[in-house]
Asker: 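For reference, the structure I am asking about is given below.
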Protein chains: 2
Amino acid sequence: MRSDPAGARATSRDVARAAGVSQATVSLVLGEKWHGRVSEPTAEAVRAAAEQLGYRPNLAARSLRLGRTRTALLVVPALTSEFFARVYAGAARVAADNGFGVVLYPSPEGVGPAQDPFTSARAALDGVIASSMAADALAALQDGGLPLVMLDSDPADSAAAATVNPEVADGMRQIAGHLLSLGHRRLVHVAAAVDSWTFRERARSLAEAVRGVPGAVVHTEPTALEVEAARAAAERALSRPGPRPTALVCDDDLLAAGACKAARRLGLRVPEDVSVTGFDDLTLATALEPELTTVRLSAEQVGAGGMHALLTALEGRPPTSATIPVTLFPRASTAAPPPA
Amino acid sequence: MRSDPAGARATSRDVARAAGVSQATVSLVLGEKWHGRVSEPTAEAVRAAAEQLGYRPNLAARSLRLGRTRTALLVVPALTSEFFARVYAGAARVAADNGFGVVLYPSPEGVGPAQDPFTSARAALDGVIASSMAADALAALQDGGLPLVMLDSDPADSAAAATVNPEVADGMRQIAGHLLSLGHRRLVHVAAAVDSWTFRERARSLAEAVRGVPGAVVHTEPTALEVEAARAAAERALSRPGPRPTALVCDDDLLAAGACKAARRLGLRVPEDVSVTGFDDLTLATALEPELTTVRLSAEQVGAGGMHALLTALEGRPPTSATIPVTLFPRASTAAPPPA
DNA sequence: CGGAGGCCGTTATACGTAAAACCCGAGCAG
DNA sequence: CTGCTCGGGTTTTACGTATAACGGCCTCCG
């Protein structure tokens with residue numbers, strides 16, 4: 001219900017005039033804290049006037065007045081990834097439950113000059129949640145002087161901030177265990193060539209797991225985070241001289257899709273000739289054929305945990321450090337290696 | 001570079017004090033419009049003080065003062081879809097080129113009470129871009145009194161607003177033409193059971209195209225927008241009594257993935273026994289095997305077009321109505337039907 | 001020598017809201 | 001009768017910024 005000639009939004013003063021009260025009364029009534037301060041008939045008149053004028057509070061003015069905004073900024077490296085969309089969803093849910101909002105800032109990859117997240121966010125902020133950021137990007141965020149929560153990032157990058165990290169090392173250990181116990185010994189790590197904590201951790205954990213098994217080796221094949229790049233990388237790895245690897249351990253489900261394509265192009269069947277594993281358990285994992293053996297890493301839980309951590313930080317409590325468990329989902333893309 | 005004891009952010013007045021000038025001068029200098037009003041040494045002193053104090057303008061105060069915010073709200077039905085992430089990317093790019101920002105509002109599907117996008121957005125807004133919204137949701141957005149641009153929505157829902165629509169009807173016509181010319185006559189439309197303009201348009205266009213060819217029929221099988229639901233739907237369609245359909249026309253790539261799984265579960269090969277087509281050309285389309293024949297609908301262009309339309313609207317010019325062309329990408333998931 | 005402009009700032013103000021401080025009349029206890 | 005409380009409001013103020021309006025001082029020209 002709006003009414004005014006478009007262009008001029010109604011202010012609380014307009015509502016006050018229409019209801020025959022002062023602006024302060026309008027603020028009290030609509031702020032829901034008028035009990036015992038305003039009589040019911042007056043309150044009702046104010047609400048009616050507000051409704052009739054289509055009044056919406058000016059958020060800028062409110063933020064300015066209150067000094068806090070009940071708004072968090074979520075910084076993600078890329079939005080096109082389902083993973084970060086899910087992180088957002090988790091954070092937004094917890095935020096909504098606590099009267100907060102979440103504004104998204106996809107840290108631009110080359111879009112103009114490196115912009116300042118705080119001003120580009122276009123909203124006044126109470127705190128920042130940064131997901132999967134490299135150390136330098138984090139440093140910039142810390143200069144904001146706002147409470148900071150790091151998700152999926154190296155705890156060493158900022159000892160002071162709260163962190164929420166999925167147990168990726170454990171996940172990779174489970175994948176390695178799964179493959180090794182199936183009898184695989186020659187593994188390829190189709191590794192995301194991205195400088196971030198998660199991927200470093202995945203590499204470290206895989207190497208460690210393999211090191212514990214005599215005769216097992218892992219060759220690392222780096223790739224960009226795209227299906228085609230992963231296909232090329234996997235094809236390289238499968239075509240190298242010497243005995244063929246029997247398992248492709250991919251840093252995420254998208255790369256695993258590329259690996260599957262590589263196998264097929266070389267005339268190899270998955271999983272009979274070569275096993276493939278993913279990571280994250282996105283929609284893609286079960287959309288592919290065969291369905292991917294992967295590790296489910298609940299991005300929603302990461303986002304939700306991040307928002308919780310931020311809320312406790314905003315209450316002045318000391319930074320927390322949470323951890324999100326992961327689960328192996330053995331599916332159709334892995335099997336025992338072919339007989340030598 | 002921040003310095004103050006955390007908690008108290010530096011204001012322009014603090015900078016002024018540090019630089020030995022008035023607050024107005026700080027505003028002039030940092031506003032880049034000081035030429036001929038402030039001497040170079042003074043300006044330099046201000047900039048130095050600002051840097052040293054880690055000054056960042058208070059966005060709420062600035063918005064309040066200026067009355068406009070150079071910020072647009074993008075309302076999308078769901079963020080987990082790569083499609084909308086791309087719409088955002090396109091809009092954000094154009095926005096950045098024009099000194100604007102974009103704040104995202106994923107219209108929640110059941111998250112608490114139907115929230116008001118304008119207040120939940122947490123930012124003061126200049127305009128709204130709504131993507132793929134149903135009529136009732138659009139009506140709510142129009143009450144905001146802000147310039148509105150509709151993407152991928154029924155132009156009839158609001159004659160007044162600007163629209164940017166991909167030529168989905170043309171896309172579906174191309175898909176139908178492709179299949180019909182390959183010789184297919186018994187089609188199934190694996191149709192998204194979502195009340196929105198695009199999907200209505202796709203159904204309409206497909207029906208129309210088939211109607212023009214004697215002996216061609218299309219059976220509609222509705223499904224939720226999920227891989228598993230689509231698989232079930234496609235399995236139903238392929239198992240119906242009577243001659244088996246030879247092509248599954250899916251409303252988007254995700255549904256096509258489900259259709260492929262259905263075919264495989266029934267022992268049918270794609271494309272030899274049954275052809276499958278997608279829509280949108282997301283990453284998924286080329287991650288699958290076989291790669292999907294699909295229609296590329298540039299979500300980036302839709303987003304970019306939406307932002308352009310909003311910018312012209314903000315200049316007071318009359319609402320525009322743009323259209324985004326689509327292109328058929330014939331790939332490996334379609335072939336001639338098997339001989340009867 | 002006086003006034004008209006530049007030049008380089010400063011002072012003052014408004015944006016819309018929330019809330020602290022204040023105010024007034026009525027009821028009520030002492 | 002006086003002074004206090006209390007309900008039901010109003011007046012006032014502050015948040016931080018951008019900018020319009022104002023004004024000293026120096027120079028230059030008539």
Side-chain angles (χ1 to χ4, degrees), chain A residues 4 7-46 49-50 53-70 99 118-119 122-126 145, chain B residues 4 7-46 49-50 53-70 99 118-119 122-126 145:
Chain A
D4 272 51
R9 295 257 309 247
T11 75
S12 62
R13 209 179 314 271
D14 297 331
V15 174
R17 202 166 8 240
V21 298
S22 75
Q23 179 268 332
T25 304
V26 173
S27 194
L28 284 175
V29 171
L30 299 179
E32 308 274 335
K33 47 188 64 164
W34 53 281
H35 307 283
R37 314 253 303 128
V38 180
S39 69
E40 180 52 46
T42 310
E44 189 46 39
V46 168
L53 292 174
Y55 169 71
R56 290 175 198 286
N58 180 315
L59 292 183
R62 174 179 290 177
S63 300
L64 178 58
R65 176 64 236 253
L66 292 179
R68 73 207 146 72
T69 59
R70 304 184 80 76
F118 299 104
T119 52
R122 307 280 159 171
L125 306 170
D126 280 354
Chain B
D4 272 51
R9 294 258 309 247
T11 74
S12 62
R13 209 179 313 273
D14 297 330
V15 175
R17 201 165 10 238
V21 298
S22 75
Q23 178 267 332
T25 304
V26 173
S27 194
L28 285 175
V29 171
L30 299 179
E32 308 274 333
K33 46 188 66 163
W34 52 281
H35 306 282
R37 313 253 303 129
V38 180
S39 69
E40 180 51 46
T42 310
E44 189 46 40
V46 168
L53 291 174
Y55 169 70
R56 291 175 197 285
N58 180 314
L59 292 181
R62 174 178 289 176
S63 300
L64 178 57
R65 175 66 234 254
L66 292 178
R68 74 208 143 72
T69 59
R70 304 185 79 77
F118 299 104
T119 51
R122 306 282 159 168
L125 305 170
D126 280 354

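Residue numbering restarts at 1 for every chain, and letters A, B, ... go by the order of the sequence lines.
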Asker: Calculate the interatomic distance between Glu32(A) atom CD and dA19(C) atom P; express it in whole Å.
Answerer: 13 Å
Asker: Once each nucleotide of nucleotides 9-16 of chain C is scored for protein heavy atoms under 4.0 Å, what B/S/- sequence comes out, 5' to 3'?
Answerer: BBB--BBB
Asker: Under the side chain to side chain donor-acceptor pair (under 3.5 Å) test, which residues partner Glu40(A), sequence neighbours left out?
Answerer: Arg47(A)
Asker: Just by modelled atom types, is the Gln23(A) backbone N or O under 3.5 Å from a matching donor or acceptor in the Ser12(A) side chain?
Answerer: no
Asker: Who are the side chain to side chain donor-acceptor pair (under 3.5 Å) partners of Arg70(A), not counting sequence neighbours?
Answerer: none
Asker: Verify, without hydrogens or angle tests, whether Asp126(B) (side chain) and Arg68(B) (backbone) share a donor-acceptor contact under 3.5 angstrom.
Answerer: no
Asker: Taking CZ from Arg17(A) and C1' from dT10(D), how many angstroms apart are they, rounded to a whole number?
Answerer: 16 Å
Asker: Is there a donor-acceptor pair closer than 3.5 Å between any side-chain N or O of Thr42(B) and the backbone N or O of Val38(B)?
Answerer: no
Asker: How long is the line joining CZ of Arg68(A) and C1' of dA19(C), in whole Å?
Answerer: 12 Å
